[in-house]
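Accompanying notes for the structure given below.
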Amino acid sequence: MQSSAVSEITNTMPPALLVSATYDSQKKSAVLKFYEPISQKVLLWTDNTGHKPYCYSKLNPEELKFLSERKDIIKLEKASKQDLLRDRAVDVTKIVVSDPLAIGGTQTDKSIRNILETWESDIKYYENYLYDNSLIVGKYYAIENGKLKEFSYSIPDEVQLALKGLLYDKLTNVGIIDTKEFQDHIIEWANLLNQPVPKIKRVSFDIEVQSETGRIPDAKIAEKTITAISFCGSDGLKEVFVLKLAGKQLGTNELEPDIKISFYDKEVEMIRDAFKILTNYPFVITFNGDDFDMPYLYNRAERLGIELKDIPLIMMRDSATLKHGVHIDLYRAFSNRSFQIYAFSHKYNDFSLNSIAEGLIEESKIEYEGELDDLSLYELANYCFNDARITEKLTSFNNDLLMNLLVVITRIGRMPIDDISRMGVSQWIRSLFYYEHRKHNYLIPRREELEQKSATASTEAVIKDKKYRGGLVVEPTEGIHFNVFVMDFASLYPSIIKVRNLSYETVRCTHDECKKNTIPGTNHWVCTKKNGLTAILIGSLRDLRVNYYKSLSKNPSLNEDQKQLYTVVSQALKVILNASYGVMGAEIFPLYCLPVAEATTAVGRYTILETIEKCKSVGIQVLYGDTDSLFLKGPTRDQVQSVVNWAKTEFGVDLDLDKEYRYVVFSTRKKNYLGVQKDGKVDVKGLTGKKSHTPPFIRNLFYEILGILSEVKTEEEFSQSKQKIGDMISQYAKKLKAKQIPLQDLAFNVMISKAPSEYVKTIPQHIRAAKLLEQTREIKKGDIISYVKILNKPGVKPVEMARPDEIDSAKYMEFMESTFDQILSSMDLDFNSLIGAPKQTGLDQFFWN
DNA sequence: GCACGCCTCCAGGAG
DNA sequence: GTCTCCTGGAGGCGTGCC
């Protein structure tokens with residue numbers, strides 16, 4: 001008999017991490033999920049305080065009397081809330097109900113939010129429960145005598161000391177933010193974020209299913225047999241189940257010796273055993289389990305006659321979870337753009353398990369010839385286990401980086417960890433803001449109340465169809481520049497939000513006397529009487545990251561584990577802060593407020609423009625700049641310091657030295673440059689040669705050229721390098737002309753961002769190729785299409801369908817020319833003369849000679 | 001009929 | 001389903017020329 005990883009809490013619980021919350025529709029109560037790190041179990045706790053769902057109305061209880069006849073209405077209660085938009089108290093009626101569906105159900109004639117104008121009726125019940133009880137997911141709690149109690153680990157002295165230093169640094173509080181309220185927030189954040197993150201016990205699993213050629217099995221029907229199930233646990237479990245099928249070769253066992261393999265005669269027995277393993281772990285990890293593995297297993301189990309009570313899974317509208325444990329679908333987590341860019345620095349380009357694994361952990365899926373169904377049983381086992389192993393490794397590399405990040409973001413967003421892993425930044429920030437509203441008894445505004453503010457934009461975007469103007473990009477100074485300093489403003493937009501007190505309720509506030517506190521370049525003004533909620537929340541997180549965690553993560557007196565935590569916290573803050581401005585300008589964000597986003601970028605442009613003027617006035621040449629960065633040509637330390645000090649006192653922003661380049665090459669193009677740092681490291685920005693869709697042979701040539709450039713130290717060496725570069729390019733050009741380049745290396749790799757049929761306005765090249773591919777296999781959005789350019793008809797063909805003799809070499813030469821001109825033109829080199837083509841006729845001559 | 005210029009769509013990237 | 005700014009390739013369409 002296996003012991004379950006889960007148990008119901010009766011009366012007591014040792015300190016455990018609050019990880020998730022749900023609603024139990026049978027018991028009609030909120031249920032909390034705790035992870036207890038010593039027993040490594042999930043503990044369930046059902047509310048015993050009688051908390052009930054509710055929403056608010058501005059009608060008084062008398063006017064709402066007609067509701068009291070309903071059985072699902074418990075009571076109507078007078079309440080007073082603070083209305084931030086109008087800066088005054090407001091009387092409301094709290095409508096308390098017995099079931100969340102009474103408020104937000106789909107029955108249009110019954111659900112209260114459909115028949116009345118209501119406030120705070122679009123919040124999930126378990127979220128309400130968390131907010132009302134000031135429960136913070138990711139915090140430790142204990143239970144004594146049936147009562148929930150906060151639990152805090154003590155923080156090392158040197159960490160507390162660093163915090164004090166931050167609070168007494170007066171310079172960090174330029175602006176009108178009230179020091180006391182602001183500093184209380186900082187302390188509260190630090191105490192929460194400094195709590196240790198426990199090791200989370202987990203298992204990953206993966207299933208394989210029989211399938212027809214090119215068809216993806218349907219998880220809803222689950223009519224095909226499950227042939228293998230593999231598991232990989234953080235505790236060292238390595239196990240794979242394989243179904244013996246008639247006519248299948250056994251093959252030879254090439255599994256690593258520590259992997260346990262079991263063969264089954266009956267699929268249903270294999271599934272039952274799989275359920276035993278899954279219930280034995282508090283956390284279950286999958287790759288695409290929401291859409292495939294979990295529903296397939298669930299529906300297949302049902303189809304094979306396993307009773308519902310014996311299936312430990314729960315299917316929801318667009319996700320899947322466990323009755324007791326927590327399910328994290330890594331496909332959902334890694335698809336989050338904020339994670340992809342800010343936490344994992346764009347090391348993977350698409351969201352397939354293989355790309356993510358190659359980019360982050362240098363692992364890949366096992367390749368096989370032919371069909372999966374043709375593999376021997378041992379081969380299948382090996383393939384299947386490898387997927388589970390990679391999936392687990394994606395959560396454990398870098399000392400459990402991903403798990404730790406999720407826990408820390410959970411703390412900031414006050415949101416269950418399974419929701420954090422599935423939802424975007426706008427949802428995280430929504431949750432954080434709702435929590436804060438409840439904490440201070442502020443009424444959360446309805447969308448319509450905020451819409452009035454967003455109706456009028458006062459700036460015009462540079463790009464057509466955009467709502468407001470964004471960051472400023474300085475025209476680069478063309479040429480090669482030696483000894484270049486890159487300065488950047490630390491968290492510019494969050495700094496602006498803090499210093500200018502920006503928030504939905506403070507921008508264009510109701511007070512007449514605030515109207516003279518204007519935002520440059522707009523007709524907006526900002527409140528001078530009250531601190532903005534956004535300014536406090538984002539501002540305090542910004543100060544923590546910039547002044548505290550960045551240095552804590554390098555503090556030599558701390559041990560590795562501690563430093564690790566602070567690095568993770570710093571990264572989590574980076575993710576949140578980078579998104580915080582953007583959501584203010586996103587309609588899907590419930591507190592969307594266009595003037596806040598507009599004011600933020602307007603002040604950003606003002607700040608960088610004024611700083612450029614300041615640089616000029618102290619004699620520094622500014623070569624380029626983009627939004628929050630400045631490229632300075634050979635400034636002295638003193639010059640830099642004077643600008644830094646000026647920016648701090650004038651605007652309250654931190655201007656930091658980001659990089660020193662030995663030299664930088666600019667063309668006339670914005671967002672396009674190449675820089676070589678003092679240690680020879682090459683930075684390439686925006687150039688086509690680097691882009692992921694560029695054919696490998698051009699990208700390889702591009703990187704070889706960068707290799708040459710990284711060696712260059714002086715202007716003389718630079719001239720010498722030109723010869724080498726020329727030789728290299730003409731060598732590749734000759735190969736191309738002679739058709740010696742393998743087809744694979746000629747392929748453009750472009751992602752299809754919607755279903756092929758949805759391209760109606762124009763048919764791009766990769767879609768033309770995809771349509772040819774569709775004849776043999778299914779094409780979904782998110783797939784990467786590999787195609788080559790050919791001479792005939794549509795001009796493109798999928799690589800696997802093309803022949804070497806139909807390649808359009810001239811097209812490739814054109815692409816090479818434009819790609820390398822991006823660097824060559826500003827180095828005084830000409831592509832055509834490099835490859836030995838005559839000036840006038842250029843490419844044509846080169847080709848037909 | 002076809003070269004061209006102009007605009008739009010699309011993808012990928014910087015910040 | 002955070003945002004705007006920028007580049008480059010190709011498709012689509014109208015215009016004017018032969």
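Proteins come first, then strands; the chains are lettered A, B, ... in the order of their sequence lines, and each starts at number 1.
In terms of phosphate contacts, A/Thr627 brings no side-chain nitrogen or oxygen within less than 4.0 Å of OP1 or OP2 of C/dT4. Dashed line: the shortest gap from a side-chain N or O of A/Tyr673 to OP1 or OP2 of B/dG15 is under 4.0 Å. For C/dT4, the OP1/OP2 oxygens have no side-chain nitrogen or oxygen of A/Arg605 closer than 4.0 Å. Residue A/Lys670 places at least one side-chain N or O closer than 4.0 Å to OP1 or OP2 of C/dC6. Put simply, A/Lys466 has no side-chain N or O that comes within less than 4.0 Å of OP1 or OP2 on C/dC6.
To the nearest angstrom, P of C/dC3 lies 19 Å from CG of A/Leu492. Straight-line distance from the CG atom of A/Asn672 to the C1' atom of B/dG15: 14 Å, rounded to whole Å. Regarding A/Ile341, its CD1 atom lies at a distance of 10 Å from the C1' atom of B/dA14, rounded to whole Å. Atoms CD1 (A/Ile785) and C1' (C/dG9) sit 17 Å apart, rounded to a whole Å.
Between A/Asn700 and A/Tyr732, the side chains place no donor N or O within less than 3.5 Å of an acceptor N or O (distance only, hydrogens not considered).
When heavy atoms are screened at a 4.0 angstrom cut-off, A/Gln822 is found touching the sugar-phosphate backbone but no base atom. At the heavy-atom level, A/Phe589 lies nowhere under 4.0 Å from the strands shown. No contact: A/Asp488 has no heavy atom under 4.0 Å from any strand. Nucleic acid contact for A/Ser818: sugar-phosphate only, since backbone atoms but no base atoms lie under 4.0 Å from a heavy atom of the residue. A/Leu472 comes within 4.0 angstrom of no nucleic acid atom, judged by non-hydrogen atoms across all strands.
Nearest nucleotide to the side chain of A/Asp626, out of C/dT2, B/dG15, C/dG11: B/dG15.
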Would you list the protein and nucleotides 6-12 of chain B atom pairs, both N or O, that sit under 3.5 Å from each other?
| from | atom 1 | to | atom 2 | distance (Å) |
| --- | --- | --- | --- | --- |
| B/dT8 | OP1 | A/Lys464 | NZ | 3.0 |
| B/dC10 | OP1 | A/Lys754 | NZ | 3.3 |
| B/dA11 | OP1 | A/Ser753 | OG | 3.1 |
| B/dA11 | OP1 | A/Tyr759 | OH | 2.4 |
| B/dA11 | OP1 | A/His766 | NE2 | 3.1 |
| B/dA11 | OP2 | A/Ser753 | OG | 2.7 |
| B/dG12 | OP1 | A/Met751 | N | 2.9 |

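Between A/Tyr342 and A/Lys574, the shortest heavy-atom contact is O-CE, 3.4 Å. For the residue pair A/Leu772 and A/Met801, the shortest heavy atom distance occurs at O-CE, 4.0 Å.
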